[in-house]
Amino acid sequence: MHTHTTCSDGTMTPFELINEAKKIGLQGLSITDHDGVSAYTDELFDYARANGIQLMTGVEFSCRFEEMSIHILGYHFDHLNEAIQDLCKRHVIRRQERNLLILERLRGRGIRIEPEELKQKAAGVIGRPHIAKIMVEKGAVGSIQEAFEEYIGDNKPCYVPGASFFIPETIDMIHQAGGKALIAHPHLIRNKSVVKKLIQLPFDGIEAYYARFPLDQEREWLEIAEKKGWLISGGSDFHGTIKPHNPLGSSWIGLEEFKKL
Ligand code: AMP
Ligand code: ZN
Ligand code: FE
Ligand code: FE
């Protein structure tokens, strides 16, 4: 229910991801690329069907909230809907602008990456992992992790968030397209007062199971969902070889929850 492909910062194509899902025995799948829905083509739906995988539309939208980067998962919406398509287009512009600013800051620290190089690295939505990969290839850092920790991770010296997109508007767009909006990986939000405010917003659900977090850290989110009558989801945040520690299927939901979504 939470996966990335070459349409954003994952390393498998959507078709390869369907193969992988089948291989590990999943019955359903949602591709939730960052700020884009270009994975969803008629050919992909046909391919999923032919391989016995129920494919649910999904997306992971980036938002700003209280000076923090918060991700919102959208599910089971019409990916051709104008509101969604328009929001994705606006994110492409945000990323173009902010990626240039990130490259500028890196240049200030002696790491030269040309915008053209970055463009060639990505097939779809361009994000920080693409920048990190080039930094590793150039020998500027020893690993992708180091690129984030020293330079481009949230609030690190070369980080630039870019234009702000706000949560209520994003939820509204997902709703306009007939979908459900869920808080992504609350596990990663350390500030509990932010969580308290977030759950007052008109979400439909929360990603209770995430990557390889243990059950005791998931109970909190299951309780919130129960209290609010929210939907729950869960997924691995699979990115392929760029994040090898998160294999597909490291978190999941059952068919019953899938159908509710
Ligand atoms: P962006 O969408 O361009 O802001 O990049 C966000 C993506 O970068 C996340 O979804 C992760 O895939 C990756 N990312 C963020 N922080 C880290 C980190 N500390 N280490 C490795 N990857 C990260
Ligand atoms: Zn990502
Ligand atoms: Fe995320
Ligand atoms: Fe993700």
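This is a predicted model, so every value here is computed, not measured. Note that ligands are numbered from 1 as they come in the structure, with each ligand's atoms numbered from 1 the same way.
- Remark: the backbone N or O of His79 is paired with a side-chain donor or acceptor of Gln85 at under 3.5 angstrom.
- Note: no N/O pair closer than 3.5 Å links Ser62 and ligand 1 by distance alone.
- Between the Fe ion (ligand 4) and the N, O or S atoms of Asp237, the shortest distance is to OD1.
- Heavy-atom contacts of Asp9 reach the following atoms of ligand 1: 7 (C), 12 (O) (cutoff under 4.0 Å).
- Ring geometry, His34 versus His4: the interplanar angle falls under 30°, so the pair is classed parallel (tilted spans 30 to 60°).
- Salt bridge annotation for Lys23-Glu20: present, with a cationic side-chain nitrogen under 4.0 angstrom from a carboxylate oxygen.
- In this pair, Phe213 and His187 present their aromatic rings tilted. The plane angle is within the 30 to 60° band.
- Scanning the protein for heavy atoms near atom 1 (P) of ligand 1, the closest one is Arg98 NH2, 3.2 Å.
- The atom name of the N/O/S atom in His4 closest to the Fe ion (ligand 4) is NE2.
- Across all non-hydrogen atoms, the minimal contact from Met1 to Leu261 is CE-CD1, 3.8 Å.
- A pairwise comparison of heavy atoms in Ala83 and Gln176 identifies CB-OE1, 3.5 Å as the closest pair.
- For the pair Arg95 and ligand 1, a heavy-atom separation below 4.0 Å is found.
- The atoms of ligand 1 that sit less than 4.0 Å from any heavy atom of His239 are 12 (O).
- A distance of 8.0 Å separates OG of Ser8 from CD of Glu60, quoted to the nearest 0.5 Å.
- Side-chain contact, Thr5 with Asp33: a donor N or O sits under 3.5 Å from an acceptor N or O.
- Exactly one residue among Leu182, Leu231, Leu198 makes a side chain to side chain contact (heavy atoms under 4.5 Å, CB included) with Phe203. That residue is Leu198.
- Contact annotation for Gln145 and ligand 1: only side-chain heavy atoms (C-beta onward) come within less than 4.0 Å of the ligand.
- Nearest N/O/S atom of Asp9 with respect to the Zn ion (ligand 2) is recorded as OD2.
- Take the N/O/S atoms of Glu60: the one nearest the Fe ion (ligand 4) is OE1.
- In terms of protein heavy-atom proximity, atom 5 (O) of ligand 1 is nearest to Arg128 NE, 3.5 Å.
- The two residues Thr11 and Thr241 come nearest to each other via the heavy atoms OG1-N, 2.8 Å.
- Residue Gly153 places every heavy atom at 4.0 Å or more from ligand 1.
- At a cut-off of 2.8 Å, His34 coordinates the Zn ion (ligand 2) through an N, O or S atom.
- Listed here is the closest heavy atom pair of Leu55 and Ala48: CB-CB, 3.8 Å.
- For ligand 1, the polar-atom distance check against His71 finds no nitrogen or oxygen pair separated by under 3.5 Å.
- Coordination check, Glu60 versus the Zn ion (ligand 2): failed, since every N/O/S atom of the residue sits at 2.8 Å or beyond.
- In summary, no N, O or S atom of His71 is located under 2.8 Å from the Fe ion (ligand 4).
- Each of the atoms 11 (C), 12 (O) of ligand 1 lies under 4.0 Å from some heavy atom of Lys243.
- When hydrogens are left out, the protein atom nearest atom 17 (C) of ligand 1 is Phe148 CD2, 3.3 Å; that is the closest non-hydrogen contact.
- Atoms of ligand 1 lying under 4.0 Å from at least one heavy atom of Gly127, given by number and element, are 3 (O).
- A salt bridge links Glu220 with Lys192: the distance from a Lys NZ or Arg NE/NH1/NH2 to an Asp or Glu carboxylate oxygen falls below 4.0 Å.
- Within the coordination shell of the Fe ion (ligand 4), defined by N, O or S atoms under 2.8 Å, His239 is absent.
- Near His34, meaning under 4.0 Å from one of its heavy atoms, ligand 1 places the atoms 10 (O).
- The aromatic rings of His185 and Tyr210 sit perpendicular to each other, their planes meeting at more than 60°, with 30° as the lower class boundary.
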